[in-house]
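Side chains are part of it too, since the values below use all heavy atoms of this structure and drop only hydrogens, waters and symmetry mates.
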Amino acid sequence: MALLNDLINLDLTDSTKKIIAEYIWIGGSGMDLRSKARTLPKPESDPKKLPKWNYDGSSTGQAPGEDSEVILYPQAIFKDPFRGGNNILVMCDAYTPAGEPIPTNKRHAAAKIFSNPEVEKEVPWYGIEQEYTLLQKDINWPLGWPKGGFPGPQGPYYCGIGADKAFGRDVVDAHYKACLYAGINISGINGEVMPGQWEFQVGPSVGISAGDEVWAARYILERITEIAGVVVSFDPKPIPGDWNGAGAHTNYSTKSMRDEGGYEIIKKAIEKLGLRHKEHIAAYGEGNERRLTGRHETANIHTFKWGVANRGASIRVGRDTEQEGKGYFEDRRPASNMDPYVVTSMIAETTLLL
Amino acid sequence: MALVSDLINLNLTDSTPKIIAEYIWIGGSGMDLRSKARTLSGPVDDPKKLPKWNYDGSSTGQAPGEDSEVILYPQAIFKDPFRRGNNILVMCDAYTPAGEPIPTNKRCAAAKIFSNPEVEKEVPWYGIEQEYTLLQREINWPLGWPQGGFPGPQGPYYCGIGADKAFGRDIVDAHYKACLYAGINISGINGEVMPGQWEFQVGPAVGISAGDELWVARYILERITEIAGVVVSFDPKPIPGDWNGAGAHTNYSTKSMREEGGYEVIKKAIEKMGLRHKEHIAAYGDGNERRLTGRHETADINTFLWGVANRGASIRVGRDTEKEGKGYFEDRRPASNMDPYVVTSMIAETTILWNKS
């Protein structure tokens, strides 16, 4: 509908200084993203200058009806790829009117960890590989899969091309450009081993911004699937059986790991992670036990094991890092539905503070 | 059809100084919007400089066939987001040839209240939260709902995203920008609790302009749904049962309420509203009794109840207002099909002009 698109794509910069700010927050399940928009009098690029807002927490399972206001604190601004112009997306976290983070607010505790001087001076970098599955709307079966049936076994789909191998690339490519436009540090995309499954990577991001960027990237992805009429799933094992799961491998390094002698630091850090394997697994996403089986390029959920170039390990160190004696490592345990605020801050906490 | 849109989107400013003015009025039901267009010789930005016009009132249930002319008085100008260029939308109200407001003209009486010096000096501000439901054309079932069935229960839809949770966002976003373009003070939008239901807010608007802006925003919305091939409903309880209704919560403040000590003024005003609960309810929209049940974030229609941060109350005061000792309050009783001229002027009348005796 050309006329509807004309209106959606109106460039208001000639008509008014006003901008539209879409405030985004995480709802009561810890994975449902919510948003609503407000008009601001002029362009703004500093989140500290944006007004706090509030929403009806009783409608998202985050407050009772008789005392329903939950307060939104703006934390990060991105350009709005849907509205263009000077319009913005605002990643927020949620507080009670008294100023306490509500229980589902994981950003607050993460931000505390990242502002600890011991952590700050190590400048922790994160690269997160977000996998996800596209599903056909209404039947919730993967995109491109025949109704009531299955595609041919895994093999041709990883980084594949062609109408019989790659399902939904328009969503993936639109998302890539939209994120770059928005100012998210999206570093790449690829088709995954299971047909209908894709991956994008965000990073390197420092500290708390890794979480902000991954959440904003997830928001943009779900808005794009909404437009495309498909459903995005972050379930870690959407189809049981001989089909890959979906993870959110988290690559990590600190200043010391990136400097000369870093490889020794990396080995010590991995050892600390091994001692807290159970605690990390508990925080690495629900349903992960269906995915971390020891097959399909995962390590079994009860086993902690690390290795160079080993995709069947809990933690993998790249050959480059081993060769150069410095670099980063990849925690392959987090599930696709992990909360990046929790995972990134926990890795920092375990390796730097405990 | 590329050629038809090329013609619709022709920019005439290089060809001619003439502009097109779409005159809008409210029809005989009090909720049906009507409009027709005329050519004017050049751009106009003052409604007082626009010519009066007339229409066939016998075709809208507003005049008898033997004496059918109803006169349109232009009251407010907005930029036309559909025709763009220098073309305009003109919000009008309707009079007999003798100059009397016709019975369905609610603006005239509202304007009288707003030009009362006692009201004028209090500079009444309004923020109206207009909820509405999008319906699939021809079957009149909400957009996104399966034919012959229901979506999953309420929970995931409020401010939700994704093809399984948000139905019709293209209309909502087109409407947001179209209203900003038009010069309407649209302050925000959000997806509502019932799937297929949305909300936009207009305000803060002063006095009579709140009604003008809300009616034009409704006009633009229905013109957009027309383009999109869906139907907009302002019914306050479109689907019976465990599905939220649609309201038009009206936020209100006066100069005294916005200044130091305002909270006391607010409490006195709410008390007066409580004493006239029945009168207000009678004017707050047809069918409201199906919506104000005491469930689904409403207060029962027969009860007057106010509270801070309480969404189950008739009138809600925000925590900010309580903390700062000044601000505004939210009348949650008006239905989505209320007439904003009636509601805004009645709130001003009750809180500023009416005495308990």
*Any idea which of A:V230, A:D56, A:V232 has the most non-hydrogen atom pairs under 4.5 angstrom with chain B?*
A:D56
*asked:* Shorter than 4.5 Å, heavy atoms on both sides: which option in A:S15, A:A228, A:S68 has the most such pairs with chain B?
replied: A:S68
Would you mind checking if [Y] and [X] are paired as a salt bridge, meaning a charged N to carboxylate O distance below 4.0 Å?
X	Y	result
B:D173	A:R223	yes
A:E222	B:K165	yes
B:D164	A:K137	no
A:K36	B:E192	no

*When rounded to the nearest 0.5 angstrom, what is the spacing between CD1 in B:I161 and CD1 in A:I24?*
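That separation rounds to 7.5 Å.
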_To the nearest 0.5 Å, what is the distance between OG on A:S59 and CG on B:N244?_
7.0 Å
Heavy atoms of other groups near [X] [atom1], more than 12 under 6.0 Å:
X	atom1	result
B:W125	CH2	no
B:N11	CG	yes
A:E286	CD	no
A:Y73	OH	yes

*Could you walk me through whether B:N9 and A:L3 pass the side-chain contact (heavy atoms from CB on, under 4.5 Å) test, one step at a time?*
CA-CA 9 Å; B:N9 291 333; A:L3 296 174; 3.9 Å; yes
Among [options], single out the residue with the greatest number of heavy-atom pairs under 4.5 Å to chain A.
options	value
B:G312, B:A166, B:G191	B:A166
B:R169, B:E199, B:H175	B:R169
B:G160, B:A178, B:P156	B:P156

So, does [X] use its side chain to make a donor-acceptor pair with the main chain of [Y] at under 3.5 Å?
X	Y	value
B:Y181	A:T16	no
A:R34	B:Y158	yes
A:E226	B:A163	no

Exercise: identify the closest heavy-atom pair between [X] and [Y]:
X	Y	answer
A:L7	B:R84	CD2-NH1, 4.2 Å
A:E69	B:R316	OE2-NH2, 3.0 Å
A:L4	B:I227	N-CG2, 4.0 Å
B:K323	A:P97	NZ-O, 3.4 Å

*Which region of A:L10, side chain (C-beta onward) or backbone (N, CA, C, O), has a non-hydrogen atom less than 4.5 Å from a non-hydrogen atom of chain B, or is it both or neither?*
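Both parts, backbone and side chain.
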*Check each atom of A:S58 against the heavy atoms of chain B and say whether the ones under 4.5 Å are side chain, backbone, both or neither.*
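Contact with chain B involves the side chain of A:S58 alone.
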*Is there side-chain contact between A:I8 and B:K177, with heavy atoms separated by less than 4.5 Å?*
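No, every pair of side-chain atoms sits at 4.5 Å or beyond.
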*Any side-chain heavy-atom pair of A:I20 and B:L180 under 4.5 Å*: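 Yes, their side chains come closer than 4.5 Å.
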*Audit row: B:Q201, A:R38, side-chain contact (heavy atoms from CB on, under 4.5 Å) steps and yes/no*: CA-CA 9 Å; B:Q201 306 100 33; A:R38 70 186 294 183; over 6 Å; no
*asked:* Whether the A:T39 and B:Y176 side chains hold a donor-acceptor pair (N or O, under 3.5 Å, no angle test) is what I'd like checked.
replied: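 Yes, B:Y176 and A:T39 have a side-chain donor paired with an acceptor closer than 3.5 Å.
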*Passes side-chain contact (heavy atoms from CB on, under 4.5 Å), B:C159 versus A:T60? Steps please.*
CA-CA 9 Å; B:C159 299; A:T60 58; over 6 Å; no
